[in-house]
Every structure is written in structure tokens, then in C-alpha cells.
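Input: a single structure, listed below in C-alpha cells.
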Amino acid sequence: MSATMSSPVMSNPIFREPETLGGAVREIEFRDAIREAMSEEMRRDKRVFLLGEEVAQYDGAYKVSKGMLAEFGERRIIDTPISESGFAGMAIGAAMMGLRPICEFMSWSFSLVAADPILNNAPKMLYMSGGQWGCPIVFRGNDGAGGQLGSTHSWCVEGLFSNVPGVKIVIPSCPADAKGLMKTAIRDDDPVFFLESERMLGNKGHVPEGEYLIPFGHAAVRRKGTDCTLCSWGRPVNFCLEAAEILAKEGISCEVIDLRTIRPLDLPTVVASVRKTNCAVVVDQSWSFSSPGGELAALIHKHCFDDLDNFVHRVHSDDVPTPYSSKLEQEYLPNVRKICEAVRAATYRA
Amino acid sequence: MSISQTPTPVVNGQPRKLPSLPAPTLVKWLRDMHLIREFEVRCMQSYQEKKIGGFCHVYIGQEAVAVGCVAAMKHEDPIVTAYRDHGHALARGMTSRACMAEMYGKVGGCAKGKGGSMHMFDRPNNLYGGHGIVGAQTPLGAGLAFGTKYEDEVVNGGKNRRVTLAFLGDGAVNQGAFYEAMNLAGLFDLPVIFIVENNGYSMGTAIHRGTTMSHDLCIKGRAHGLKEATIDGMDVLAVYQDMHALAEWCRENSRPAIVDMKCYRYKGHSMSDPRKYRTREEEERHESNDPIGKYERALLDHGVVTDESIKEIMKACREEVRDAIQFSNESPEPPMSDLYTDVFVEPWGRFTGSSQPEFTGGASNVCTFRATDGKEGLV
Ligand SMILES: Cc1ncc(C[n+]2csc(CCOP(=O)(O)OP(=O)(O)O)c2C)c(N)n1
Ligand SMILES: [Mg+2]
């Protein structure tokens, strides 16, 4: 159930939604989907290569690149030292030279060590050079809280990085999208930040055989509903679907929209839904202050001012560093309970 | 000063020379090493039982490093380390209870369950943290040394008294921050010792696969004018003696140093590492050079301990760790209100979506600042 299938982008035949492919059901893990996308693109284009810590001989710290060294060899699957600033910058240089690097951060939390190259070089290269050099590169890795990894290892970097012009930010919620969006990311001529979640790498889902690329800026409507529009991306989309199930039993019908990319952001799909439901709740795992969720809420207020029956409610991680204790961490994160409470409040059923 | 350049040979039949220290001190080192090992074994069990969450990196095999280094320093000397930090915490004097309860995520933990395995902090024992980001602690180490030197020399108008130990792994040597920290330490005459716990691997990467000139990590400090020492980290006597000499030199001269501390981690990088990147034969070779067994032999040769007293030490360690586990099981989960404390020194509460957070404390607590004389008070 994808929106805007009639848009000009979707009329380009390389872009297809996975459910349009048909064929047998094939359940694979999230990590397999990412690996398939990278491998297919590496077979297609010799300029694509993968580098990062433990990606080659160790098969990836989270086994995303399992077996890729065997297929592509050590010139294309490259183990780096723990030197994020150095290897991210090196990859950007290689991209300026016309290669198409996929640079893995074991966790996006570690990308903060490389903040200068990924924020000051990659997204500004094209602009600063007046269009002479772009930077076709994919940075990817685990984002958001894992399980009790504590304050240093639980960053939701979209809260920081979505503020920066010149980057595209992809945050898939399911294996099929991860594959189609990764292939688009690798072929994209601009820097793409691809945010995976350690908590989802083992999630299974149907990923059709056959090639498809999913365009950026095209949200997917995951569940149809009439009373409230739930907007999210990445892992919390799955919490929204769970919440919608619970709320349905209470007589509240939720429409769940998975934005898939937050830069670009598919506003038309959101606006169309809110004009129908007259109610919106935004669920975003990053902290609330200056967040992508705050931006989306502001846009909904602007474009649906006369349609809204209540202000846009938001569910975020609490405004504190991520705690280690499991009990505190569960309460800190956006969770099903908090989403249900926000929807009830927004629909005046609290 | 004597800094051994090669691993201390085990001379068969010839008793090792012991430093002239009281017997209880020498016995305490043995006890500390046993305690760390027992603690880590029980950590691994607790992790398997899902009592401990997140990442957990155990110190088994490297006990002589933390124990020997801490023994060589004064209690007022600051220590900062990475995420493989339980050994340093225990050697520094953190109780087994506080260390274990932290990993259980309970209020009895050293950080009330907020930090976890990788982030052990102990203010009374001058342990300025385990730090989860590889290399991040190295500039902090320079900063701690800057702080002590400034306080001793500028604030108190005396001579530098303290030396900071900044521990890092051999993999952390490749972080740019480390080179910046060494340059700053060299430039500002900071009394800090960067101790590279060279266990030969960063995760699954053998040192030579990730590091240039990996046969001698002291080379990494040479360009910054650091004093160098290569020390056998599998021998607590060598660690103590060489570190003591080095630390006193750094204290006296207010200068930085780098140590290539050769050691080996017996277990995987973390709890999920099947160690396919090395052979069992290699592991056995290192395990047969065990720092605890070697030290026991030296103490036995000098009659400092007996087989009986070693058994008692081990029994006491087992009991201490068993008690720590019971304590951790019984210690309460943190109350939900703890989620919002310690964000600022002021007791601010959760972000309310307005410019005003909820205050969890009384209004009179709101503007408590640290006064310049170091005493807390309203200013
Ligand atoms: C900046 C950063 N990058 C990557 C990691 C993931 N990581 C944690 S420990 C580690 C290996 C470090 O090895 P080493 O420094 O030798 O220490 P050891 O584990 O041997 O004690 C890696 C890659 C991290 N925590 N921080
Ligand atoms: Mg190491």
C-alpha cells in the first residue's frame, strides 16, 4: 500500500515497490536484505566497494557483510582500523575521485568521531565547488538504542544530522524497504546516510526475488485508518503498528505512515492523510528538541492548520542521556504504551 | 631507573626477586588478581543468565596490568580507562557489590545503574570512568593531568604531585584523538602515562592488520617526545616495578610517557565473540604463561604464602563475589524518577515541551553553583 505511485518518479521503470513484484514468499532477515542490496550493486558496478571495522575477515560485527569478502575479495571488502575520522574522510576522497564507497560505521554512535568529514565535507562538496565535485557515498550502520548499550552507544543521529543541508537520510523499518532503499542509496549521486537498527537486523520479512529500487521521498501507508494519522520511520513504525492494533480494539482507527526517508520528506502523503483523519501523532526515536519529529509536526501544523482537531502530539525518547538500566531504558524510549497514550490524548479519548 | 625492554624471563628454580614491601601488600596483589578473575567468571555467567545486559568485556588474562599499575601509584593519582574496565575498578578499590550491581542495572551500582559495564565511575577512588568510545578517554587523561598539575602548581603554588594513568587498547592507538592527546601532553608537560594494554587484538583484528609498526607501540609516542617503556603485562612484579619507576620519573619531571604493555585477553572481545580469528594453540600458549600462577609461584618460593593460604584467598574471593551477586539481585531497580536526575547539577526534571522543565527539587536548589573556593554554595 504505497502512496503516490502515480508520481513522476515512480513512472521511472527502475523504481518499483516490493509488493508489485509478485512471486513466491521469501522471508529473509533485515541484515540479509542489506547484504543482498550491497552485493547486487557491487556485481553491477566495480566502483562500488565496502569499508569499515571488521567488515571483511570477521564478516561484520553484526554479520551484515557475511560472505562478501569471499565473493568480492580484499580489494573491495576492506577492514579498517578503529579510525572513523580517517577512513570516513578517505572514503569521501575516493568518492570525489569517482568511486562509490559504502562506508560502514559499526554504530552510528561512533560516527561522531568522524563528524567533520561526514558533515563538513561530504554534504557541502558539491555546493562549495560550485557543482564541480559531488560526493556519491553511502554511510551506513546501526542507529538508535540497542539493548542496554548505555549513553555513549545509543545515539539517534537523525536528530543531529537531519539539520544539515546536503545529506539524504534513509531510515527503513522492514527488510523489503531496506533492500530497495539501499540499492537506491548506492546509485544516488549524493551522500546518503543509511540508518539501520541493531534491534531489527534479525527481523524477518518478505523480500521478493527480482530487482527493485525504492525512490527516496516516498512514504508507505502501512495501515489504513480514519481517526488519527501516526507518522514515524525506522524501528518505531513497528511500535506504531502494534499500538494501532491495540487502539483498534478501543474503537480508535489509526492510519500508520512510514516515511522511510526523512530527507527528503514525503509531506504530500502525510497531509493527505491528516486532511482525512483531522488528527496526527508523530513518533520519533530522537530527542524532542530540534528533532525531525518537531519539523514534521511544524509542517503538519502549517499545511493542515484548518484540518486539525487537536495540536499534533509527539512521542520521542525522553530528554535525558540514554540510561543503562533496562527498566529505565524501556521507559525512556518511544514505546507502545506512550504511543497509545498520545493517540488517546490527541483524539480526546484519554 | 630500570625499565625492562623485554618480557621478564621465568627463571626455573631461581626464586624471583620480590620488591621490599610488607608481605600483606604482596598478598593483596594476589588477592586482587584472584578477585578480578573470579568476578569476571561470574560476570560471564550472569550475562548468560541475562542478568547483565548490553555489551560486556571481561578482563581475564590481563589482571596483572590493572593490579600492578594501581599498586605502583598513589591513591590520589587519577585513572581513566576504556570499556574493559571492571579490573581497573576493582583494583582501584571499588567494591565488588558496587561493580556487579552496576551491571545488573540496580540502584546499588556505582552509577545507580545508569552507566553499565562500559562506564564504571568511582569518585572516592579517583577512577574517572570507563569510556565506551574507543580512544575517547585519551584526551581526557591529558586533561586530568592538566587539572592536577594546574591545581598543584598554579592554585597551590607548589610542585606537581600527581600522575594520571590513561589506559587504552592496542586498537585505540589508531584513533586520531590519541595523537592529539600525546602532542598536547608533550607540549604542556603533562604528567600522564598512556598505557597501551596491548593484548594483540582489537575485536577480531590482529594488531598487525590494523596498525603500522605494530612490533613496538612506543614508536607512536616518540614523535611527541614521550618517555617510553615496554613492559611484560603478564607479570605483576614487572608491571609494578617498571610502572613505579616510570611514574616517579613522570611525577618528578612532570612529563608524559607511553607504555607498550604486552598482554593477552583469554576470552572473546565481548560475550558474543566466537574467536575464530585465532587458534586454540595460540590461546593455550598464553594461558600457560598465566600471571596469577606465576605470581603465586614467586610468593610460594619466598614463603610469603602457602598452598593453604592461597586456597583461603581464593575461597574469600569466591565468597565476596557470591555476596556481590546476591547483593545485586536484591538491590532494587532504580525508581523511574532517576531517569530525570543527574542531567544537570541542578535537579531539573523532564523536558516538558516548554522552555521550563519540571523541577524535581525545591526552588532553593535551583541556583546552586560551585563557588570558586571549591566549596559548594549559593553565589
Ligand atoms: C569510536 C569507536 N569505534 C568502534 C567501537 C567498537 N569497538 C569497541 S571495542 C573495539 C575494539 C577495541 O580494541 P582495543 O582498543 O585493542 O581494546 P581491547 O578490546 O583489546 O581491550 C571496537 C572496534 C567503539 N566502541 N568506539
Ligand atoms: Mg586490544
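Numbers restart at 1 for each chain; the letters A, B, ... are given by sequence-line order, proteins then strands.
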**OP:** Could you tell me which portion of B/Tyr277 (side chain, backbone, both or neither) has an atom closer than 4.5 angstrom to a non-hydrogen atom of chain A?
**Re:** side chain
**OP:** Enter the distance from A/Leu328:CG to B/Lys114:NZ here, rounded to the nearest 0.5 Å.
**Re:** 7.5 Å
Subject >> Residue part contacting chain B, namely of A/Glu84, when any heavy atom lies under 4.5 Å >> reply: both
Original post:
Can you name the closest pair of heavy atoms from B/Thr205 and A/Glu54 and give their distance?
Top reply: OG1-OE2, 2.8 Å
**OP:** Name the member of B/Lys276, B/Arg209, B/Glu333 that forms the most heavy-atom pairs with chain A at distances under 4.5 Å.
**Re:** B/Arg209
Original post:
Under 4.5 Å between any side-chain heavy atoms of A/Asp318 and B/Tyr340, yes or no?
Top reply: yes
Original post:
Any chance CG of B/Asp216 has more than 12 other-residue heavy atoms, nucleotides or ligands included, within less than 6.0 Å?
Top reply: yes
**OP:** Kindly check if the number of other-residue, nucleotide or ligand heavy atoms within 6.0 Å of NZ (A/Lys66) is above 12?
**Re:** no
**OP:** Kindly check if the number of other-residue, nucleotide or ligand heavy atoms within 6.0 Å of CZ (B/Arg280) is above 12?
**Re:** yes
**OP:** Please determine, by modelled atom types, if B/His119 and A/Ser151 share a side-chain donor-acceptor pair under 3.5 angstrom.
**Re:** no
Original post:
Any donor-acceptor pair under 3.5 Å linking the side chain of A/Gln57 with the backbone of B/Gly204?
Top reply: no
Original post:
How long is the span from the CG atom in B/Leu339 to the CD atom in A/Gln330, to the nearest 0.5 Å?
Top reply: 11.5 Å
Original post:
Does any non-hydrogen side-chain atom of A/Tyr58 lie less than 4.5 Å from one of B/Pro274?
Top reply: yes
Subject >> Donor-acceptor pair, side chain of A/Tyr324 and main chain of B/Met103, under 3.5 angstrom >> reply: yes
Subject >> B/Met336 CE to A/Glu331 CD distance, which is reported to the nearest 0.5 Å >> reply: 4.5 Å
**OP:** Flag the one option from A/Pro81, A/Ala61, A/Ala56, A/Ser109 with the top tally of heavy-atom pairs under 4.5 Å to chain B.
**Re:** A/Pro81
**OP:** Sort B/Met118 into side chain, backbone, both or neither according to what part of it lies under 4.5 angstrom from a heavy atom of chain A.
**Re:** side chain
**OP:** Rounded to the nearest 0.5 Å, what's the gap from CD on A/Glu53 to OG on B/Ser202? Could you check?
**Re:** 8.0 Å
Original post:
Using a cut-off of under 4.5 Å for heavy-atom pairs, which of B/Pro334, B/Pro335, B/Ser272 has the most such pairs with chain A?
Top reply: B/Pro334
Original post:
Under 3.5 Å, is there a donor-acceptor pair between the side chain of A/Ser83 and the main chain of B/Asn174?
Top reply: yes
**OP:** Under 4.5 Å, counting heavy-atom pairs only, tell me which of B/Ile52, B/Ile133, B/Asp338, B/Thr211 racks up the most with chain A.
**Re:** B/Ile133
**OP:** Would you indicate whether A/Glu74, at its atom CD, is surrounded by more than 12 heavy atoms from other residues, nucleotides or ligands within a distance under 6.0 Å?
**Re:** no
Subject >> Portion of A/Tyr62 that has a non-hydrogen atom of chain B nearer than 4.5 angstrom >> reply: side chain
